[in-house]
Asker: 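For reference, the structure I am asking about is given below.
Order of listing sets the numbers, starting from 1, for every ligand and every atom in it.
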Amino acid sequence: MAAQTMEQLVSLCKRRGFIFPGSAVYGGLQGTYDYGPLGVELKNNLKLAWWRANVWEREDMEGIDAAILMNKLTWRYSGHEETFVDPMVDCKSCKMRWRADQLSGKCPHCASTELTEPRPFNLMFKTQIGPVPDPESFSYLRPETAQGIFVNFKHVLDSTSRKLPFGIAQIGKAFRNEITPRNFIFRVREFEQMEIEFFVRPGEDEGWHKKWVEDRINWWLSVGLSRQNLEPYHQKPDELAHYAKATVDLLYRFPHGLEELEGIANRTDYDLGSHSKDQGSLGLKARVSPNAHSTDKLTYFDPETKQHVVPFVIEPSAGVDRGVLAVLSEAYAEEQVKPAPADRLKPVEEALGTFLKSVGRNEKLPAQAKEALLAEGERIAQALGERMPSIAGLLSMPGAESIEVAKKLRGQVDPVVDEFYRTVLHFKPHLAPIKVAVLPLKKNHPEIVSTAKSIRRKLQSTGAMRIVYDDTGAIGKLYRRQDEIGTPFCITVDFDTLGDGTDAALKNTVTVRHRDSMAQERVAISELETYLREKMQSGA
Ligand code: GAP
């Protein structure tokens, strides 16, 4: 099971510290999000998995980390100054601004059909460089990491003596002044990309393009996405970016629909050719603007043919934030631990009905918030027995807190959810923000607590994974909390561990509880490190 709605994810992410709206204390900044304590771990794990698979484990790849600020000429010759635009329209009635290609003839805010003609809007953020207010001293925040790779092509080639084919990989921030950022972290103004520019001999590009599409699908499967939620889409000629000969988008079934997760483009010799001097001598296949500023030819000397060539480029370009969203969505599940009896469901059903009626009658709620609350509430009501945990998300949606009966609904639902349900993130272990939680059966028993803390310290000192100690609730509650943040293993220290239980043979052993199956087994403390390492490696 994956997430059904974005509300489920937004609510969990905020509640448990994965992702927060940016600058919230000042009313927010649209199109920005901050990663919290668990979000930063998840994002780092995803980036590390990508780096490991694409840089460490391959023999044909180097990594770099280029500056975000680049000479503004980069963006002239890359084509971004001229062509990195979206068509925008203004609503003449409420003055809101929209992307023309995402409208169906009326303003989504006020429903007016009085819209301006579409005009091009450049998505790059312009920024002043240096202390002197000179109109020429500006650049842009990079809208893609790719250009930092192209301008370093010669540096990497010369410093590593690489032969074709080889690639350069980079992970870093990119910025786009999106006209309508939306769908949580799917479309934002500040995000991260994981990009590869893979340089090949002209003529070998189409074969490599196919290989990279397969390779990238397999990698997304390795981080837990299921094949039926991933769809390759071959862009039509009129959809191609100005630099591309062919592009395959990997679409993912996000909660808001099937949309792009990664693009794999055949950029030909466009970029290296664009940033080169003396272009006439290079025999370029792509059409590039004449470059009067470059100081170098970005070519490769082919030792076999003894000729300089401009390599073609295959570019797998993935969004880190979209990756995080896809992984979260795929991992998300609401599960019934044991059936809730009818007499416990009934009061929740009634409270939900009252809440939805109250939302429907409320005249102060903005139309969009009301519509969203009713849609999510009705989705839950249709299968309340299964969807009960989604009520937490419903109650954290915009406008919900202003409904008076919301408190009553929360009071009814929380104890039922606690007793009969769990929300789980079924992350692959290598992505889980926390790999192991060590829990004391009793937090006021000094020996149990000190044993649990020393197990945590010892496991943490191996450096291989993040381990936490948690004593903030009763054991059942602690298991639920760790399930909800995707911790694959909980270790519980109890009286048996101390040799004070009923079975003396259990001395110096602990209970290991598995997130997905909820199965528990007894493991000797001395075996824990090996046991956990093996389980992590096997992905269990
Ligand atoms: N260098 C090629 C390039 O930048 P792109 O299709 O514009 O191509 C690549 O972007 C990836 O970056 C997308 O597939 C998406 O995952 C991510 N991305 C692009 N714009 C984004 C945005 N506004 N918010 C979040 N991710 C974005």
Asker: To which protein heavy atom is atom 9 (C) of ligand 1 closest, and what is the distance rounded to 0.1 Å?
Answerer: Ser317 OG, 3.0 Å

Asker: Taking 4.0 angstrom as the limit and counting only heavy atoms of Glu262, give me the atoms of ligand 1 inside it, by number and element.
Answerer: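 Matching atoms, with element in brackets: 14 (O).
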
Asker: Could you pull out all residues at least two apart from Asp278 that satisfy salt bridge (charged side-chain N to carboxylate O under 4.0 Å, His left out)?
Answerer: none

Asker: Under the salt bridge (charged side-chain N to carboxylate O under 4.0 Å, His left out) rule, collect the residues that match up with Lys72, sequence neighbours excluded.
Answerer: Glu136

Asker: Do we get Lys47 above Trp50's six-membered ring, with its NZ or CZ under 6.0 Å from the centre and within 45° of the axis?
Answerer: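 Cation-pi check for Lys47 and Trp50: fails.
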
Asker: Looking only at protein heavy atoms, which one is nearest to atom 25 (C) of ligand 1, and what is the separation?
Answerer: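 Answer, as residue, atom name and distance: Phe186 O, 3.1 Å.
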
Asker: I need the nearest protein heavy-atom contact for atom 14 (O) of ligand 1: residue, atom name and distance, please.
Answerer: Glu260 OE2, 2.5 Å

Asker: Between Glu190 and ligand 1, which part of the residue brings a heavy atom under 4.0 Å of the ligand: side chain, backbone, both or neither?
Answerer: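 Glu190 to ligand 1: no contact under 4.0 Å from either part.
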
Asker: For atom 10 (O) of ligand 1, what is the closest protein heavy atom, and at what distance to 0.1 Å?
Answerer: Gln193 NE2, 3.4 Å

Asker: Using a 4.0 Å heavy-atom threshold (strictly under), name the region of Tyr243 that reaches ligand 1: side chain, backbone, both or neither.
Answerer: side chain

Asker: So is there a nitrogen or oxygen of Ala318 less than 3.5 Å from a nitrogen or oxygen in ligand 1?
Answerer: no

Asker: Pick whichever of Glu178, Arg176, Arg322 has a heavy atom sitting closest to atom 23 (N) of ligand 1.
Answerer: Glu178

Asker: Of the backbone atoms (N, CA, C, O) and the side-chain heavy atoms from C-beta on, which set of Asp321 has a member under 4.0 Å from an atom of ligand 1: side chain, backbone, both, or neither?
Answerer: neither

Asker: Using a 4.0 Å heavy-atom cut-off, say whether Glu315 meets ligand 1 through its side chain, its backbone, both or neither.
Answerer: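 For Glu315, only side-chain atoms sit under 4.0 Å from ligand 1.
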
Asker: Is the Tyr140-Phe138 ring centre distance short of 6.0 angstrom?
Answerer: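 Here the rings of Phe138 and Tyr140 have centres that are less than 6.0 Å from each other.
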
Asker: Any nitrogen or oxygen of Glu195, main chain or side chain, under 3.5 Å from a nitrogen or oxygen of ligand 1?
Answerer: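 Yes; at least one N/O pair falls below 3.5 Å.
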
Asker: Just to check, does Arg267 reach to within less than 4.0 Å of ligand 1 when the distance is taken from its heavy atoms?
Answerer: yes

Asker: Give me the residue, atom name and distance of the protein heavy atom closest to atom 17 (C) of ligand 1.
Answerer: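 Sorting protein heavy atoms by distance from atom 17 (C) of ligand 1 puts Gly319 CA, 3.7 Å first.
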
Asker: How about His242 and Tyr270: are their ring centroids closer than 6.0 Å?
Answerer: yes

Asker: Among all protein heavy atoms, pick out the one at the shortest distance from atom 24 (N) of ligand 1; state its residue, atom name and that distance to 0.1 Å.
Answerer: Val188 N, 3.0 Å

Asker: Applying a heavy-atom cut-off of 4.0 Å, say which part of Leu261 lies close to ligand 1: side chain, backbone, both or neither.
Answerer: backbone

Asker: Nearest protein heavy-atom contact for atom 18 (N) of ligand 1: which residue, which atom, what distance?
Answerer: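 Nearest neighbour among protein heavy atoms for atom 18 (N) of ligand 1, to 0.1 Å: Phe191 CE1, 3.5 Å.
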
